[in-house]
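Encoded as structure tokens, the structure appears first; notes follow it.
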Amino acid sequence: MQASATPNAHPQLDAAISHLADLIAYDTTSAYSNLELIHHMENFFTGLGANVTVLPDESGEKANLVARLGPADVAGIVLSGHTDVVPANPKSWQSDPFKMEQRGSRLFGRGTCDMKGFAACVMAAAPAFTSGELQRPLYFCFSHDEEVGCLGAPAIARYLAELKVPPSLAIIGEPSEMKLINGQKGKIAMRVTMRGEGGHSSFSPQHVNAVEYASRIITMIAERSRRYEQEGPFDLDFTVPHATTLTTMIEGGVATNVTPDTCSFIFELRSIDQEAAATDIQALINDIEAALLPEMQRQSADSAIEWQELFAYPAMGDATDSKMFKELEPILPKRGGKVSYGSEGGVFEIDGGIPSVILGPGSIRQAHKPDEFIEIDQLSQCLAFFDELNTWMER
Ligand SMILES: [Zn+2]
């Protein structure tokens, strides 16, 4: 092992940095296969004597991995991360996004903070978890396709739920600067397609203008969001302490002199509570259809509003009342509030019945950007937490 950068560095820090360099070198942008990375991890955890399960997806191009250390017959703890990363355009980067580079106290590369830094710490700490006698199991879980809508995690959550004794707490290592996050908003993204009736724009009163009707729906969505802002429900642990809904993309029209017969747009709803999102979306759809459809169809019977759910992931927030959380709380960092970005925590809660928290190295501010980096000190903090977790697991 090389000499550490600083005399007081964590003993596993060099190992974590070297694992991180290995992980960054796999281009696991969500559009590509993650199998090479999964096999790399499979070999690693198998070498440690872990019980390893690879869960391939239907295409055979992607897979999740679950590795267990410790006894299977008592409830344990999940350490979970995703293997995929968002795309990186090399032209906007100072260095190759898939070749880790250290500059000063920072490690640069796509996925350094979101979230291969966490995976590297897990791999660096894993040998220490085998050295003593774990009284409960640790499940290391790594998913595919988190960045495109948490597509891999449900299979992991279901696999864990079907174990004879499922784990009773999941720690999701998304970048939280090693603060404990005990809540996360859920999200539903919808595509809406307006079907109207077009023609030469000089005859517009005889048409059903899809762009104009879309704009009326978009206004209703914006009004719904203002109502959330004014009336709640509120949860002051979130920076934006209520649900939000907004239109994010729109497409419509073919020429300056044609009444548009189609228009499609995308909107999202971020909710603070598990069940509210689906109910709220349905109520919004009902209101919109009642307000606009009869008018559209009076002009043209074929007019329609089509609703398509693009993806959805549930909110997270069940952990703090759970038994395992209360037992573990003395070694956990202080509660650092709730976040509005997505994670797989809600999936573990809804699909697996496993209460979840977010706790991981790096800052979400560096995620999804060119020149993504992680502070080396964040890796040290994560390793120090794993030391405490190891001592606790052996008790
Ligand atoms: Zn992430």
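In listed order, ligands and their atoms are each counted from 1.
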The ring pair (Phe, Tyr, Trp, His ring centres under 6.0 Å) partners of F108 (sequence neighbours excluded) come to F373
With a cut-off of 3.5 Å and sequence neighbours excluded, list every side-chain donor-acceptor pair involving residues 343-364.
unit_1: S343; atom_1: OG; unit_2: Q184; atom_2: OE1; d: 2.6
unit_1: S343; atom_1: OG; unit_2: G345; atom_2: N; d: 2.9
unit_1: E344; atom_1: OE1; unit_2: S143; atom_2: OG; d: 3.3
unit_1: E344; atom_1: OE2; unit_2: S143; atom_2: OG; d: 2.6
unit_1: E349; atom_1: OE1; unit_2: Q274; atom_2: NE2; d: 3.0
unit_1: E349; atom_1: OE1; unit_2: G317; atom_2: N; d: 3.0
unit_1: E349; atom_1: OE1; unit_2: D318; atom_2: N; d: 3.3
unit_1: E349; atom_1: OE2; unit_2: G317; atom_2: N; d: 3.4
unit_1: E349; atom_1: OE2; unit_2: D318; atom_2: N; d: 2.9
unit_1: E349; atom_1: OE2; unit_2: S356; atom_2: N; d: 3.0
unit_1: S356; atom_1: OG; unit_2: G345; atom_2: O; d: 3.3
unit_1: S356; atom_1: OG; unit_2: I354; atom_2: O; d: 2.9
unit_1: S363; atom_1: OG; unit_2: R365; atom_2: N; d: 3.0

Residues E42 and V52: closest non-hydrogen pair is CG-CG1, 3.9 Å
Side-chain donor-acceptor contact under 3.5 Å, E61 with H144: no
task: Would you confirm whether the ring centroid of F142 sits within less than 6.0 angstrom of the ring centroid of H82?
output: no
Within a distance under 2.8 Å of the Zn ion (ligand 1), the protein atoms of type N, O or S are H82 NE2, D114 OD1, E174 OE1, E174 OE2
Identify every side-chain donor-acceptor pair in residues 387-395 under 3.5 Å, counting partners at least two apart or on other chains, and give the distances.
unit_1: D387; atom_1: OD2; unit_2: H10; atom_2: NE2; d: 2.7
unit_1: N390; atom_1: ND2; unit_2: A128; atom_2: O; d: 3.1
unit_1: T391; atom_1: OG1; unit_2: D387; atom_2: O; d: 3.0

